[in-house]
Student: 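This structure is in structure tokens; I'll ask about it shortly.
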Amino acid sequence: MQWGLRNRLSQIINPATGRTVMLAVDHGYFLGPTSGLEEPGRTIQPLLQYADAVMPTRGVLRNCFEPTIGTPVVLRVSGGQSILKELSQEAITTSMEEALRLNASAVAVSIYVGGEYEHQTLVNLARTVDEAERWGMPVLAVTAVGKEMARDARYLSLATRIAAELGAHFVKTYYCEGFERVSGTATVPVVIAGGKKVPEKDALELTYKAVQSGAAGVDMGRNIFQSEDPVAMIQAVRAVVQEGASAQKAYKLFQSLKRKRGRK
Ligand code: R5P
């Protein structure tokens, strides 16, 4: 791997721990004003200091953040659909030139394995890798899952490995029973999405089980920014991922930070 690419990747995945806490805030690219992200800058700003990287679209990055944020950016560059239509019909919507101009540390592209436009999304990924490697830019493949697809180890290891075979430098997928099969056959670091909002205790348990079974961390969105206390929640997630805390210990931390911050 070339020096610049490795340097960028090391800004996201801490070389000392091999892990990362990424904050996913790109949901609006097909969901519009997602609950919790109606005013993205306001929600996200206090969380940035606890994230190893943040994953927005260029719109939110340019409109809601100061260029001095200091947190590495994983820029979403695929999209072009909405929740109202076929989700897998994605194209590349942000150029590599723009990613470089915005000083991204990586770019993110979704793939829909098994989706109607599977081929198109896999070619989007492969072409982005070709272009990104010219500039030393790492590529995160996001294994998006259609409503009808099972989030099991068989399907997620298929999608994850295909992404790595096409050249993705790291992959985002979902946690599932038997996750060792997904992480163990990926050949590149794998991070997990949090999925739909669940109680904080369950989200921390999910995070713990994922890192115990080989995940390099999280790229978590709703379970942080829709939490009753997002600032406390991201610190609890961080304790599990970067400090090796158990889910129980992290939940206690969440409760005590929440109390200190005056939240009920
Ligand atoms: C999905 O396409 C986006 O990349 C989201 O940012 C991500 O998958 C969602 O994260 P979470 O499931 O933790 O809200």
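Numbering of ligands and ligand atoms starts at 1, following listing order.
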Student: Using atom types as modelled, flag every donor-acceptor pair under 3.5 Å from a side chain in residues 244-251 to any protein atom, sequence neighbours excluded.
Tutor:
residue : atom : partner : partner atom : Å
Ser246  : OG   : Lys249  : N            : 3.1

Student: Applying a strict 4.0 Å limit to heavy atoms, is Asn223 in contact with ligand 1?
Tutor: no

Student: Please, which pairs that meet side-chain hydrogen bond (donor to acceptor under 3.5 Å, both in side chains) have at least one residue in residues 166-177, sequence neighbours excluded?
Tutor: Glu133-His169, Thr143-Thr173, Lys172-Asp219

Student: Salt bridge check: are Arg19 and Asp52 linked by an N-O gap of less than 4.0 Å?
Tutor: no

Student: Which residue holds the protein heavy atom closest to atom 6 (O) of ligand 1, what is that atom called, and what is the gap in Å?
Tutor: Asp26 OD1, 2.2 Å

Student: Could you list the atoms of ligand 1 found under 4.0 angstrom from a heavy atom of Arg222?
Tutor: 11 (P), 12 (O), 13 (O), 14 (O)

Student: Please work out whether any backbone atom (N, CA, C, O) or any side-chain heavy atom from C-beta onward of Tyr29 is under 4.0 Å from ligand 1, and answer side chain, backbone, both or neither.
Tutor: side chain

Student: Answer yes or no: is there an ion pair linking Asp26 with Arg76, defined by an N-O contact shorter than 4.0 Å?
Tutor: yes

Student: One thing to verify: whether Glu205 and Lys201 come together as a salt bridge, which I'm taking to mean a side-chain N less than 4.0 angstrom from a carboxylate O.
Tutor: no

Student: Any heavy atom of Met55 sitting closer than 4.0 Å to ligand 1?
Tutor: yes

Student: Atom 7 (C) of ligand 1: which protein heavy atom is closest, and how many Å away?
Tutor: Lys172 NZ, 2.9 Å

Student: Considering Arg76, His27, Met220 one by one, which has a heavy atom nearer to atom 9 (C) of ligand 1 than any of the others?
Tutor: His27

Student: Can Glu90 and Tyr29 be counted as having a side-chain donor-acceptor contact under 3.5 angstrom?
Tutor: yes

Student: Can you tell me if Ala144 has a non-hydrogen atom under 4.0 Å from ligand 1?
Tutor: no

